[in-house]
Amino acid sequence: MSEFPYALVAIDLDGTLLSPNKSISRENSQAIQRLTEAGVLVVLASGRPHHNILPYHDELRLCGPIVSGNGAVVRVAESGETWKEELLDAPFAREVLAEGERIGITQIWDGPGGVFAVAKTAWSAVLGERTRSSVESREIPASGSPYKILWIDHAETIETHEVTYKSLWGERSYVVATDPEYLEFCPPGTHKAAGLQVVCKRLQIPQESVLALGDGDNDAELLAWAGCGIAMAHARPKALAAADIVAPHGPEESAVARALKLFWAGS
């Protein structure tokens, strides 16, 4: 029997598991390895697309589902079996794109056909650097819909847009700032907690047996839903308010290791 008190640990990537340089530190890697050796299921839960999370999943030698797209997609890494896939309403997606074009903001389409910029800009290049991926410019598909649409701009601009478009579209979309420079439009009711609920139902893991770690506004629902939610010490106010516990202060790259140490017997 594991001495760790939770059966499943859900972990956000950016700002939580990953170092500022987007790598996994030795401390965090060892902490995750200790969990898996104890039989704990570790699930990466991120706003990133599945394919962009997969290398970290593989690096940590994890097995099982990944929650991506802020909960829009739940897919098993090894088999590719999809447990959940939710798309934006197509007419609404076109409305978002039209509005983004009107205000002149960088827009990213994240859908079954891939992730690409509506038009290549300096901001789309920034996204590529941050996610260690190539964000190409492509023509919008004539049909179909994405998992989400991402707007990118200066933090102060995104802060203003978040207020405006939550008021305008809050009933038609999950509108969330996932980074100071990112504003995302996802299907309504789609968030990381909804994605993880699919995992738990499928694997018959009770809510109270889930530990979640995160730092961003898009982690708030997950931290509030889990049996125990831990916000990183550097987390945004919404995550801090939703969490049960705040992780000990220290270097950002080892935040997960410090948080998990709180739960090991004898640590």
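Just the heavy atoms: all of them, side chains too, but no hydrogens, waters or symmetry mates, feed the values below.
E78 and H57 share a side-chain donor-acceptor pair at under 3.5 Å. In this structure, a donor-acceptor pair under 3.5 Å is absent between the side chains of E99 and W169. There is no side-chain donor-acceptor pair under 3.5 Å between E184 and N218.
Here D179 pairs with R130, E181, Y182 under the side-chain contact (heavy atoms from CB on, under 4.5 Å) rule; sequence neighbours left out. Considering only residues two or more places apart in sequence or on other chains, H154 meets the ring pair (Phe, Tyr, Trp, His ring centres under 6.0 Å) condition with W123.
At least one donor-acceptor pair closer than 3.5 Å links the side chain of N28 to the backbone N or O of A257. The main-chain N or O of C186 is found under 3.5 Å from a side-chain atom of S173 such that the two form a donor-acceptor pair.
Ion pairing between E162 and K238 holds under the 4.0 Å rule for side-chain N and carboxylate O. Using a 4.0 Å cut-off between a side-chain N of Lys or Arg and a carboxylate O of Asp or Glu, E129 and K22 do not qualify as a salt bridge. Electrostatic pairing of E37 and R34 does not count as a salt bridge here, judged by no charged N lying under 4.0 Å from a carboxylate O.
Looking at heavy atoms from C-beta onward, C228 lies in side-chain contact with F263 at the 4.5 angstrom threshold. Counting heavy atoms from C-beta on, the side chains of L150 and L127 come closer than 4.5 Å. Between D89 and P188, every side-chain heavy-atom pair lies at or beyond the 4.5 Å cut-off. Using a 4.5 Å heavy-atom threshold, the side chains of Y147 and E85 count as touching. For the pair T106 and V126, the minimum side-chain heavy-atom distance is 4.5 Å or more. With contacts defined as side-chain heavy-atom distances shorter than 4.5 Å, the pair R48/D14 qualifies. Between P248 and L262 there is a side-chain heavy-atom pair separated by less than 4.5 Å.
Classification of the W109-F116 ring pair by plane angle, with boundaries at 30° and 60°, yields parallel.
The environment of R61 atom CZ is sparse: at most 12 non-hydrogen atoms of other residues, nucleotides or ligands sit within 6.0 angstrom.
Clustering of Ile, Leu, Val, Met, Phe, Trp and Tyr by side-chain heavy atoms under 4.5 Å joins L240 with V246.
In this structure, S124 and V135 approach most closely via the heavy-atom pair O-CB, 3.8 Å.
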